[in-house]
A.B. asks: 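Structure below; questions to follow.
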Amino acid sequence: DQQVKQNSPSLSVQEGRISILNCDYTNSMFDYFLWYKKYPAEGPTFLISISSIKDKNEDGRFTVFLNKSAKHLSLHIVPSQPGDSAVYFCAAGRSGNTPLVFGKGTRLSVIA
Amino acid sequence: GAVVSQHPSWVICKSGTSVKIECRSLDFQATTMFWYRQFPKQSLMLMATSNEGSKATYEQGVEKDKFLINHASLTLSTLTVTSAHPEDSSFYICSARPVRGSYRWTEAFFGQGTRLTVV
């Protein structure tokens, strides 16, 4: 049972436009959600997170939106830059020393 | 802050030999570390949860005798791939979460990963 789903394996966006990456989850017990960015042959790096009590969190070009009723979150990147090209993983977690649950990732390609 | 160092970054070994991968939290303590494996074009698959001072908890389908995990201190966990075979070739990534209540404790921090190639 896949608790965190990223249904789009890839996404191509023109430089300067908005990138929207989507993520759905099934477990209503998750307390917070995170987005990680991963380049080939490197470990994931933290990008932005949101607590389940909020519906929006913004950090520079990155904004994460959470719709709890729909169990859906999205990451908006605007404006998109070629350096944003990477695989983006959505992750969900619960309080305590439990592992994060990851989606399968979405490969974003930003075309100059 | 919150840096995780994983070593080595890449290793090539002969079939039948063992390989040890280290994961260190450099500036925070982690009672729990996690080991993931990533196959090409696939997501991060949790292999095991490593708890300081106790036995690791393995995910279903992961052979505990093949993937030995030791978490001897609050800053170090090791994964040893024993009697490695070509099918063990993969990208292994460790992750650590700061102890509850400490700086950025809700996040997980990742090592840079280890590319293992068994020939």
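Every value quoted in this text rests on a predicted model; they were computed, and no experiment measured them. Each chain gets a letter, A, B and so on, in the order the sequences are listed, and its residues count up from 1.
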A.B. asks: B/Ile93 versus chain A, heavy atoms under 4.5 Å apart: side chain, backbone, both or neither?
C.D. replies: side chain
A.B. asks: Quick one: CD on B/Glu63 to CG on B/Leu68, what's the gap to the nearest 0.5 Å?
C.D. replies: 11.0 Å
A.B. asks: Out of A/Gly93, A/Gly105, A/Ala41, A/Ala91, return the one with the most heavy atom pairs under 4.5 angstrom to chain B.
C.D. replies: A/Ala41
A.B. asks: Below 4.5 Å from any heavy atom of chain A, which atoms of B/Gln38 appear? Answer side chain, backbone, both or neither.
C.D. replies: side chain
A.B. asks: May I ask you to check whether over 12 heavy atoms, not counting those of B/Lys66, lie within 6.0 Å of atom NZ?
C.D. replies: yes
A.B. asks: Relative to the ring of B/Phe110, is the ring of B/Tyr36 parallel (under 30°), tilted (30 to 60°) or perpendicular (over 60°)?
C.D. replies: tilted
A.B. asks: Distance-only, no hydrogens or angles: does the A/Ser74 side chain make a donor-acceptor pair with backbone N or O of A/Ile20 under 3.5 Å?
C.D. replies: no
